Amino acid sequence: MKVDPTAPSTPPTVEPQTPVQNSRAQIRQPLLLALALACGVLLGANPFRPSDQNPDGTARGYLKFKEILSYVDRDYVDTVDAEALSDYAISRMLERLDPHSTFIPAKQQQQASAFLQSDFDGVGVEFNLFHDTVTVVAPLSGGPGEQAGLQPGDQILRLNGERVSGVQLTIEQMANKMRGPRGSNVQFMVHRRGQSKPLNLSVTRNRIPNNSVDVAYMVDNQTGYLKISRFATGTYDEFKSALGDLRRQGMNRLVLDLRGNPGGYLDRATKIADEFIGGTRKIVYTDGKGDQYDTQTFSRVAGEFEEGPLVVMVDEGSASASEVIAGALQDHDRALVVGRRTFGKGLVQQPITLHDGSELRLTIARYYTPSGRCIQKSYKGGYEAYEHELSNRQHRGEFFHADSIHFADSLRFRTDHGRTVYGGGGIMPDLFVARDTSAYSAYFTRLHSHNLVREFALNFYQSHKAELEGLRFEQFNATFRISDLQLQALSTRAEKDGVKLDAAGMRRASPLLRTQLKAYIARSVYGKAAYYTVLNDQDKEMQQALNALSNTNSLLALGQK
């Protein structure tokens with residue numbers, strides 16, 4: 001007989017205690033029979049089947065949890081939410097396994113899954129919260145919001161008559177209000193600079209692409225740049241379209257940016273890797289308990305870009321499927337990996353939908369690169385230590401100095417051409433690039449925590465809209481500069497918001513602030529590609545990546561390094 005630990009717990013009915021004349025044996029016998037019948041139903045009807053290693057222990061644990069929950073629900077001094085308690089207990093139990101086995105309650109499951117969806121029904125606007133006022137940053141080009149007349153800088157006061165300004169809404173709550181069935185209408189009341197009265201706009205919701213290829217453009221007449229933010233349902237199709245477009249523009253070398261990419265669907269990532277790897281070569285393999293979840297994935301198709309200089313950019317925010325791509329391309333000496341050591345998430349989760357719509361994402365295997373490297377970093381120190389691992393890297397100086405990173409000799413592996421690479425926690429890049437220290441000004445951090453940088457850029461755009469829109473992007477990028485007076489105006493605005501001026505911090509952060517302000521302004525005027533172009537022009541990681549391409553006449557020479 002098998003036990004389903006996910007079966008709903010049904011506490012026994014408790015009747016008021018009244019004097020009875022029955023003997024203890026007479027009472028106990030029918031109760032035992034009822035308990036046996038109930039257990040028989042639970043044991044026989046559950047779809048879950050524990051392993052053969054410890055079925056009795058699983059049954060005892062399940063019945064113990066059910067019994068305790070029943071007592072708490074029935075007898076605890078205060079009224080409790082038994083379902084919330086069980087959700088909490090499940091989450092804490094999974095923490096004892098590994099950091100990535102998770103339980104998602106039913107009410108959160110849709111939101112958690114939306115991250116990996118390639119589209120959704122909504123109004124198609126990018127927005128932010130400035131001083132508790134929802135402000136349009138940019139409507140999606142061609143989307144229903146733009147077609148209805150929403151503009152960057154519009155402050156949303158009401159949605160369908162409900163006040164949304166000054167009521168402490170979160171970004172997630174506002175996003176949920178804007179989403180809805182395709183074809184349905186949502187009424188916006190907005191305040192627009194220069195208008196004495198609020199404007200009322202009706203927007204008909206439509207299907208909105210939730211793109212995971214953030215941008216793809218030509219850096220010069222031969223170099224393409226392509227950034228992927230996550231691996232969602234439509235990522236491979238977006239990638240193929242973007243790569244084909246770059247090829248038609250003359251691209252013969254590529255920078256693939258996976259910085260900050262937390263992963264997603266593995267099969268989308270392996271199909272992208274296959275576009276770069278020729279022949280039949282291993283891309284990734286998994287190893288689980290027994291052989292049920294052991295898999296091997298090989299390159300099989302004739303890829304779009306199997307030859308030509310290729311650089312993959314990564315950082316400490318690159319995880320899971322991103323690390324699979326970087327590791328495969330590095331092991332096969334197909335690409336140079338540039339940046340900093342990746343996150344180190346190499347555990348495979350299987351999503352299991354439970355009876356109430358909640359979801360268990362259970363670790364069933366580990367990822368390994370073609371050379372045999374385990375991507376997963378250690379979690380022996382427990383959940384809390386794992387949560388602070390990235391901040392510990394910073395304290396050790398790993399974000400700024402390559403020699404702060406140490407690997408045991410036992411974790412040494414070899415690429416196809418004999419280069420040394422290391423396993424045991426993330427992918428170590430071929431070319432290390434330190435983090436920009438200007439971002440570590442406390443003043444810079446406070447400006448961003450108050451959302452002042454983006455707000456200032458949006459206000460600047462609104463004040464100079466006519467002049468900015470009269471420039472082609474090439475003119476803007478070549479001539480526009482953020483002046484000292486504008487930085488001073490930013491600091492003055494910040495003081496009104498309680499952020500006191502730190503002169504030394506401002507000097508330290510000013511180069512990065514100038515770049516970010518210019519990029520945000522470019523985003524409002526010219527779109528997302530312009531935003532990334534401005535950022536990348538001043539990004540030393542990007543410059544290192546371009547230098548690596550220029551200095552790599554043949555990637556086969558990697559084997560001689």
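Just so it is clear, the structure is predicted and the values come from calculations on it, not from any experiment.
Judged by distance alone, with hydrogens and angles left aside, the side-chain atoms of Asn200 form no donor-acceptor pair with the main-chain N or O of Met189 at under 3.5 Å. Between the Arg163 side chain and the Ser165 main chain, a donor and an acceptor come within less than 3.5 Å of each other. A side-chain donor-acceptor contact under 3.5 Å links Glu238 to the backbone of Ser212. A donor-acceptor contact shorter than 3.5 Å is absent between the side chain of Asn211 and the backbone of Val213. With Asp237 contributing its side chain and Gly234 its backbone, the two residues share no donor-acceptor pair below 3.5 Å. Within the 3.5 Å criterion, the main-chain N or O of Gln543 finds a donor-acceptor partner in the side chain of Asn547. Proximity of a side-chain donor or acceptor of Gln330 to a complementary backbone N or O of Met428 within less than 3.5 Å is detected. Listed for the Glu323 side chain is a donor-acceptor partner under 3.5 Å among the backbone atoms of Ser320.
For Gln394, the CD atom sits in a packed shell: over 12 heavy atoms of surrounding residues, nucleotides or ligands are nearer than 6.0 Å. The neighbour count for Glu384 CD, taken as heavy atoms of other residues, nucleotides or ligands under 6.0 Å away, does not exceed 12.
Ring-centre distance between Tyr526 and Phe480: not below the 6.0 Å cut-off. Ring centroid separation for the pair Phe231 and Tyr265 does not come in under the 6.0 Å cut-off.
Considering CG of Leu487 and CG of Leu517, their distance stands at 6.5 Å, rounded to 0.5 Å. Interatomic distance, Asp497 CG to Leu452 CG, rounded to the nearest 0.5 Å: 5.0 Å. Expressed to the nearest 0.5 Å, how far CD1 of Ile482 lies from CD of Gln516 amounts to 11.0 Å. Rounded to the nearest 0.5 Å, atoms CG (Leu354) and CD1 (Ile90) are 7.5 Å apart. Rounding to the nearest 0.5 Å places CG of Leu157 at 11.5 Å from CZ of Phe188.
When the salt bridge (charged side-chain N to carboxylate O under 4.0 Å, His left out) test is applied to Arg446, no partner is found at least two apart in sequence or on another chain. Remark: Glu162 pairs with Lys177 by the salt bridge (charged side-chain N to carboxylate O under 4.0 Å, His left out) rule, at least two apart or across chains. Here Thr437 pairs with Phe400, Arg508 under the side chain to side chain contact (heavy atoms under 4.5 Å, CB included) rule; sequence neighbours left out. Residues meeting the side chain to side chain contact (heavy atoms under 4.5 Å, CB included) test with Val348, sequence neighbours left out: Thr286, Ile364, Ala365, Tyr367. Pro144 meets the side chain to side chain contact (heavy atoms under 4.5 Å, CB included) test with Val203, Asn206, Ile208; sequence neighbours excluded. With sequence neighbours excluded, the residues that form a side chain to side chain contact (heavy atoms under 4.5 Å, CB included) with Arg393 are Glu316, Arg341, Lys377, Glu389, Leu390, Arg396, Glu398, Phe399. Checked against side chain to side chain donor-acceptor pair (under 3.5 Å), Arg92 has the following partners two or more places apart in sequence or in another chain: Tyr88, Glu95. For Asp245, the salt bridge (charged side-chain N to carboxylate O under 4.0 Å, His left out) test picks out no residue, with sequence neighbours left out.
Pairs of residues two or more places apart, or lying in two chains, that qualify as salt bridge (charged side-chain N to carboxylate O under 4.0 Å, His left out) and include a residue from residues 257-272 are Lys227-Asp257, Asp257-Arg259, Arg259-Asp539, Arg259-Glu541. Applying the salt bridge (charged side-chain N to carboxylate O under 4.0 Å, His left out) test to every pair with at least one member in residues 204-215, sequence neighbours left out, gives these pairs: Asp119-Arg207, Asp121-Arg207. Residue pairs that meet the salt bridge (charged side-chain N to carboxylate O under 4.0 Å, His left out) test with at least one member in residues 516-530, sequence neighbours left out, are Glu126-Arg523. Listed by first then second residue, pairs satisfying salt bridge (charged side-chain N to carboxylate O under 4.0 Å, His left out) with a partner in residues 455-480 read Glu455-Arg493, Arg472-Glu474, not counting sequence neighbours.
Side-chain contact, Asn261 with Ser229: no donor N or O sits under 3.5 Å from an acceptor N or O. In this model, no donor atom of one side chain and acceptor atom of the other lie less than 3.5 Å apart for Thr133 and Gln155.
No side-chain heavy atom of Gln376 sits less than 4.5 Å from a side-chain heavy atom of Asp98. Taking the side chain as every heavy atom from C-beta outward, Asn459 and Arg193 approach each other to under 4.5 Å. Annotation: side chain of Asn536 is not in contact with side chain of Val219 (no heavy-atom distance under 4.5 Å). Val311 places none of its side-chain heavy atoms less than 4.5 Å from the side chain of Tyr225. Taking 4.5 Å as the limit, some side-chain heavy atom of Leu513 sits within range of a side-chain heavy atom of Leu447.
Here Lys240 pairs with Glu304 in a salt bridge; the nearest charged N to carboxylate O distance falls below 4.0 Å.
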Intermediate values then yes/no, side chain to side chain contact (heavy atoms under 4.5 Å, CB included), Ser322 and Phe343: CA-CA 10 Å; Ser322 298; Phe343 182 86; over 6 Å; no

Worked check of salt bridge (Lys or Arg N to Asp or Glu O under 4.0 Å) between Arg253 and Asp220: CA-CA 10 Å; Arg253 57 184 199 170; Asp220 54 40; 3.8 Å; yes

Derivation of the side chain to side chain contact (heavy atoms under 4.5 Å, CB included) call for Ile283 and Asp274: CA-CA 8 Å; Ile283 295 174; Asp274 198 352; 4.2 Å; yes

Full working for side chain to side chain contact (heavy atoms under 4.5 Å, CB included) between Leu97 and Thr363: CA-CA 9 Å; Leu97 303 180; Thr363 296; over 6 Å; no

Evaluation steps, side chain to side chain contact (heavy atoms under 4.5 Å, CB included), between Arg361 and Leu94: CA-CA 10 Å; Arg361 295 183 181 178; Leu94 294 175; over 6 Å; no

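The one candidate from Tyr386, Tyr379, Tyr383 that meets the ring-ring contact (aromatic ring centres under 6.0 Å, His included) condition with His100 is Tyr386.
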